Amino acid sequence: MIQFFAYPESVFCAKVRIALDMKDLDYAELPPPDGYGSAAYKKIVPAGSIPGLKDGEAALSDSNAILEYLEETAPSPALLPEHPIERAKVRALMGLHDTRIEPSVRAFYAPIKAGKPPRDEVYKQLIADMSVAFERLEDMIDAEPYAVGHHVTLVDVAYATTFSQAQQLAGMFGGELMLKPKCQHWWQAMQSLSHAATSIDINRKAMQDWVAKFIQIDA
């Protein structure tokens with residue numbers, strides 16, 4: 001059985017979980033022993049980071065590398081298009097997620113951990129910055145209804161939980177993630193995917209509990 005090392009708060013872990021579920025693979029989801037970066041965990045996954053995946057002799061880190069591995073070892077259903085141009089578009093959008101979109105969401109973590117109250121001006125600016133980051137997607141996705149064409153790809157797997165977490169954090173801090181029409185249409189399609197919905201639910205509950213460790217959010 002595949003061992004999948006993850007924390008429920010992580011959108012990077014969520015995208016691996018969605019792919020594992022979509023491919024109907026048998027796996028056990030576990031927290032990294034003694035926490036990520038620990039000596040015990042590094043004996044299993046040398047990088048010591050999450051997500052981590054142990055499959056026989058393979059001990060993998062980096063969410064995109066894990067997704068590519070799953071695509072090659074369990075190719076059905078395919079989450080990469082057949083056409084090279086579309087494959088390149090998928091990989092470009094995956095890179096945008098990791099370098100621009102997800103960091104705009106993760107920017108909330110530092111003020112939350114510092115105990116900044118919900119109405120602090122820092123969150124207003126972060127919501128605005130996050131909305132600007134998401135605007136970059138509008139001209140890059142197809143939304144027909146998925147990001148690259150008519151079939152689910154690794155892009156949809158990667159972005160689904162990030163969209164959810166962005167909206168959740170904006171709502172917690174008195175704002176709203178502003179999505180343009182194609183992104184709104186895409187988000188609706190994401191919520192209709194049962195495997196994505198499962199990870200979205202896991203992440204939303206985990207984030208609610210995590211934020212509550214540092215600050216009080218009004219109901």
Side-chain angles (χ1 to χ4, degrees), residues 2 4 6 10-27 47 49 51-53 55-56 58-106 130-167 177-200 203:
I2 293 171
F4 168 46
S10 168
V11 299
F12 290 104
C13 293
K15 63 181 177 178
V16 173
R17 185 189 304 108
I18 294 169
L20 287 165
D21 288 342
M22 289 193 70
K23 291 177 179 295
D24 197 26
L25 293 171
D26 190 17
Y27 70 95
S49 59
L53 189 125
D55 182 24
L60 306 174
S61 57
D62 184 86
S63 59
N64 289 343
I66 293 171
L67 291 177
E68 294 269 3
Y69 170 80
L70 295 176
E71 189 67 9
E72 292 174 357
T73 57
S76 181
L79 296 176
L80 275 174
E82 292 185 5
H83 197 284
I85 293 177
E86 290 185 340
R87 284 181 174 239
K89 187 173 182 178
V90 165
R91 291 183 171 111
L93 284 164
M94 296 281 283
L96 182 67
H97 173 274
D98 293 355
T99 62
R100 296 290 187 269
I101 305 300
E102 190 278 339
S104 77
V105 181
R106 186 163 23 98
M130 187 168 63
S131 293
V132 170
F134 274 78
E135 282 182 9
R136 298 186 64 174
L137 290 171
E138 190 70 10
D139 295 329
M140 297 180 66
I141 61 172
D142 297 336
E144 294 181 351
Y146 303 113
V148 182
H150 301 289
H151 302 285
V152 177
T153 69
L154 293 177
V155 179
D156 308 297
V157 167
Y159 276 85
T161 310
T162 305
F163 263 62
S164 173
Q165 190 173 117
Q167 290 191 322
L177 174 66
M178 303 304 295
L179 297 176
K180 291 192 172 183
K182 284 201 296 184
C183 282
Q184 289 177 349
H185 184 60
W186 183 20
W187 172 233
Q188 291 171 354
M190 291 302 90
Q191 294 176 89
S192 70
L193 291 174
S194 60
H195 297 313
T198 296
S199 275
I200 286 170
N203 184 263

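Only a predicted model underlies this, so the values are computations on that prediction, with no experimental measurement involved.
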Checklist line | Side-chain heavy atoms of Trp186 within contact of Val155, under 4.5 Å | finding: yes
Next item on the list: For Asp55 and Ile2, indicate whether the former's side chain and the latter's backbone hold a donor-acceptor pair under 3.5 Å.
Entry: no
Item checked: Beyond-backbone contact of Glu68 with Leu80, side-chain heavy atoms, under 4.5 angstrom -> yes
Next item on the list: Determine yes or no for a side-chain-to-main-chain donor-acceptor pair under 3.5 angstrom, with Glu86 supplying the side chain and Gly149 the backbone.
Entry: no
Notebook entry, point to check: When rounded to the nearest 0.5 angstrom, what is the spacing between CE in Met22 and OG in Ser194?
Noted result: 8.0 Å
Note to self: Is it the case that the side chain of Glu138 and the backbone of Lys182 share a donor-acceptor pair, with hydrogens and angles ignored and the cut-off at 3.5 Å?
What the structure shows: yes
Next item on the list: Check whether any side-chain heavy atom of Tyr146 lies under 4.5 Å from a side-chain heavy atom of Leu193, and answer yes or no.
Entry: yes
Checklist line | Asp21 and Tyr27: CA distance, side-chain angles, deciding distance, side chain to side chain contact (heavy atoms under 4.5 Å, CB included) verdict | finding: CA-CA 9 Å; Asp21 288 342; Tyr27 70 95; 2.7 Å; yes
Notebook entry, point to check: Do you know the tightest heavy-atom contact between Ala160 and Ile18?
Noted result: CB-CD1, 4.4 Å
Checklist line | Closest contact, heavy atoms only, Ala166 versus Met130 | finding: O-CE, 3.3 Å
Margin query: So, taking the atom named CG in Leu67 and the one named CG in Leu20, what distance separates them when rounded to the nearest 0.5 Å?
Written below: 8.5 Å
Check: Any idea which heavy atoms bring Leu154 and Met94 closest together, and the distance?
Finding: O-SD, 3.3 Å
Next item on the list: Kindly give the heavy-atom pair with the smallest separation between Ala14 and Ser199, and that separation in Å.
Entry: O-OG, 3.8 Å
Item checked: Any donor-acceptor pair under 3.5 Å from Ser61 side chain to Ser49 backbone -> no
Margin query: I want to check something: taking the side chain as every heavy atom from C-beta on, are Pro81 and His151 in contact at a cut-off of under 4.5 Å?
Written below: no
Notebook entry, point to check: Does Gln167 reach the main-chain N or O of Leu177 with its side chain, forming a donor-acceptor pair under 3.5 Å?
Noted result: no
Item checked: ring-ring contact (aromatic ring centres under 6.0 Å, His included) involving His97 - partner list, sequence neighbours excluded -> Phe12, Tyr159
Checklist line | side chain to side chain contact (heavy atoms under 4.5 Å, CB included) between Leu179 and Phe134, worked out | finding: CA-CA 7 Å; Leu179 297 176; Phe134 274 78; 3.9 Å; yes
Next item on the list: Can you measure from CD1 (Ile101) to CZ (Arg136) and round to the nearest 0.5 angstrom?
Entry: 7.0 Å
Margin query: Restricting to non-hydrogen atoms, name the atom on Ala58 and the atom on Tyr69 that form the minimum distance, rounded to 0.1 Å.
Written below: CB-OH, 3.9 Å
Check: What's the verdict on side chain to side chain contact (heavy atoms under 4.5 Å, CB included) for Leu93 and Val148, showing C-alpha distance, side-chain angles and the deciding distance?
Finding: CA-CA 9 Å; Leu93 284 164; Val148 182; 3.9 Å; yes
Note to self: Is it the case that the side chain of His195 and the backbone of Ala19 share a donor-acceptor pair, with hydrogens and angles ignored and the cut-off at 3.5 Å?
What the structure shows: no
Item checked: Exercise: identify the closest heavy-atom pair between Glu71 and Lys23 -> OE1-NZ, 2.8 Å
Margin query: Using the rule side chain to side chain donor-acceptor pair (under 3.5 Å), only one of Thr162, Asp156, Asp98, Thr161 pairs with Lys15; which is it?
Written below: Asp98
